[in-house]
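For the numbers below, each heavy atom of this structure counts, side chains included, while hydrogens, waters and symmetry mates do not. For reference, positions follow the sequence shown, starting with 1. Please read these numbers as outputs of a predicted model, since none were measured by experiment.
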Amino acid sequence: MTKTQTRLALAALWLGTASVGAFAAGLDKDTGFYVGGAIGRSSYSLSSSKNHVPVPWGGKKANKSGTSYKLYGGYRLTEHFGVEAGYARLGSVSQWTSAYGGSRLQTGTGQVFYAAATARMPLSDAFALNGRLGVARGRISGDNNWAPANQRLSGTSTGVMVGVGAEYRMTQNLAITADYDYFGKLSKQAKGGMFTVGLKANF
């Protein structure tokens, strides 16, 4: 092999290595596994709140929002599309219910497991918008068997979940997120969603 051929071979090898490295760097940046966690505020919508049950004098105010958090993980198949699954706890909820000729406060706690397809729209190297569309399995837990069946907060339900949000990448592997997720029905009487702010780590 002549010197010229050797130089050409070394140059081709260097270019090939550089190209693979650049491709791998891009792959690490925009695809692959990620996990995240966030905390925020939930918001409930209650079907039975339309009944306008009177609150007894000095009674505790009904609560339709609470401290919430979510934990999730996913895989970005391409720069724009992926899949995600997670768990969200929506905090406490309460409402006044007619019972035994009077009013009584029933309480519960909401939680959700979900799986969704994801979409991502980069607006710059650091900033991107995110969307989620999938299925959620919700549950409101609470001891309220005394309440009329058509007013009980507790129960389970499966429905469509929708999420939107944004992320700002502080480093190649760590981003700040802000999201709103709507999980639909958590039980027959309650629907729920949550606003959160958190961190997401890419691998």
Side-chain angles (χ1 to χ4, degrees), residues 12-45 65-91 109-141 156-187 190-203:
L13 180 62
W14 181 84
L15 287 173
T17 302
S19 298
V20 171
F23 176 77
L27 192 65
D28 289 339
K29 179 180 178 182
D30 296 321
T31 65
F33 289 101
Y34 63 86
V35 296
I39 188 169
R41 196 74 176 168
S42 63
S43 177
Y44 290 94
S45 173
S65 64
T67 301
S68 61
Y69 67 86
K70 68 174 180 176
L71 302 171
Y72 59 92
Y75 186 81
R76 191 175 294 150
L77 302 169
T78 70
E79 182 182 6
H80 300 288
F81 299 104
V83 292
E84 182 178 299
Y87 168 79
R89 190 171 182 86
L90 278 72
T109 301
Q111 59 182 330
V112 175
F113 289 95
Y114 72 88
T118 64
R120 180 174 182 270
M121 184 172 69
L123 300 181
S124 68
D125 289 340
F127 189 74
L129 300 179
N130 296 309
R132 292 169 293 285
L133 179 64
V135 178
R137 179 64 173 174
R139 178 183 180 184
I140 300 287
S141 58
T156 59
S157 185
T158 301
V160 176
M161 70 86 64
V162 179
V164 293
E167 68 175 64
Y168 179 78
R169 182 175 287 160
M170 298 181 294
T171 69
Q172 182 168 320
N173 301 108
L174 189 63
I176 297 175
T177 62
D179 295 303
Y180 174 73
D181 294 294
Y182 178 71
F183 301 110
K185 281 194 171 184
L186 308 177
S187 69
K191 298 177 181 180
M194 61 195 297
F195 289 96
T196 56
V197 176
L199 293 174
K200 180 168 71 174
N202 300 295
F203 299 98

Note, Thr118 side chain near Tyr34 side chain (heavy atom, < 4.5 Å): yes
Rounded to the nearest 0.5 Å, how far does NZ of Lys70 lie from CG of Asp179? 4.0 Å
Thr109 meets the side-chain hydrogen bond (donor to acceptor under 3.5 Å, both in side chains) criterion, sequence neighbours left out, with none
For Tyr114 and Glu84, what are the C-alpha separation, side-chain angles and deciding distance, and is it a side-chain contact (heavy atoms from CB on, under 4.5 Å)? CA-CA 8 Å; Tyr114 72 88; Glu84 182 178 299; 2.7 Å; yes
Mind checking whether His80 and Met121 have side chains closer than 4.5 Å, heavy atoms only? no
Heavy-atom check, side chain of Phe203 versus side chain of Tyr75, under 4.5 Å: no
Tyr44: what forms a side-chain hydrogen bond (donor to acceptor under 3.5 Å, both in side chains) with it, not counting sequence neighbours? none
Keeping Asp181 on the side-chain end and Gly193 on the backbone end, is there a donor-acceptor pair under 3.5 Å? no
Might you point out which heavy atoms bring Ala88 and Phe183 nearest each other, and give the distance in Å? CB-CZ, 3.9 Å
Ala190 and Ile140 have their tightest heavy-atom pair at CB-CG1, 4.2 Å
Can you find a pair of side-chain heavy atoms, one from Arg169 and one from Asp125, that are under 4.5 Å apart? no
Of the options Ile176, Thr177, Val35, which is the one that meets Leu199 in a side chain to side chain contact (heavy atoms under 4.5 Å, CB included)? Ile176
In Å and rounded to the nearest 0.5 Å, what is the OG to CZ distance from Ser68 to Arg41? 8.0 Å
Would you mind writing out the side-chain donor-acceptor pairs for residues 157-168 within the sub-3.5 Å range, not counting sequence neighbours?
{"residue": "Thr158", "atom": "OG1", "partner": "Arg137", "partner atom": "NH1", "Å": "2.7"}
{"residue": "Glu167", "atom": "OE1", "partner": "Asn130", "partner atom": "ND2", "Å": "3.0"}
{"residue": "Glu167", "atom": "OE1", "partner": "Lys200", "partner atom": "NZ", "Å": "2.5"}

Among Ser65, Ser42, Ser43, find the residue that satisfies the side chain to side chain contact (heavy atoms under 4.5 Å, CB included) test when tested with Leu90. Ser42
Thr78 side, atom OG1; Arg120 side, atom CZ - distance, nearest 0.5 Å: 10.0 Å
Below 4.5 Å, heavy atoms only, C-beta onward: do Met194 and Val112 meet side chain to side chain? no
Heavy-atom count check: over 12 atoms from other residues, nucleotides or ligands less than 6.0 Å from Phe81 CZ? no
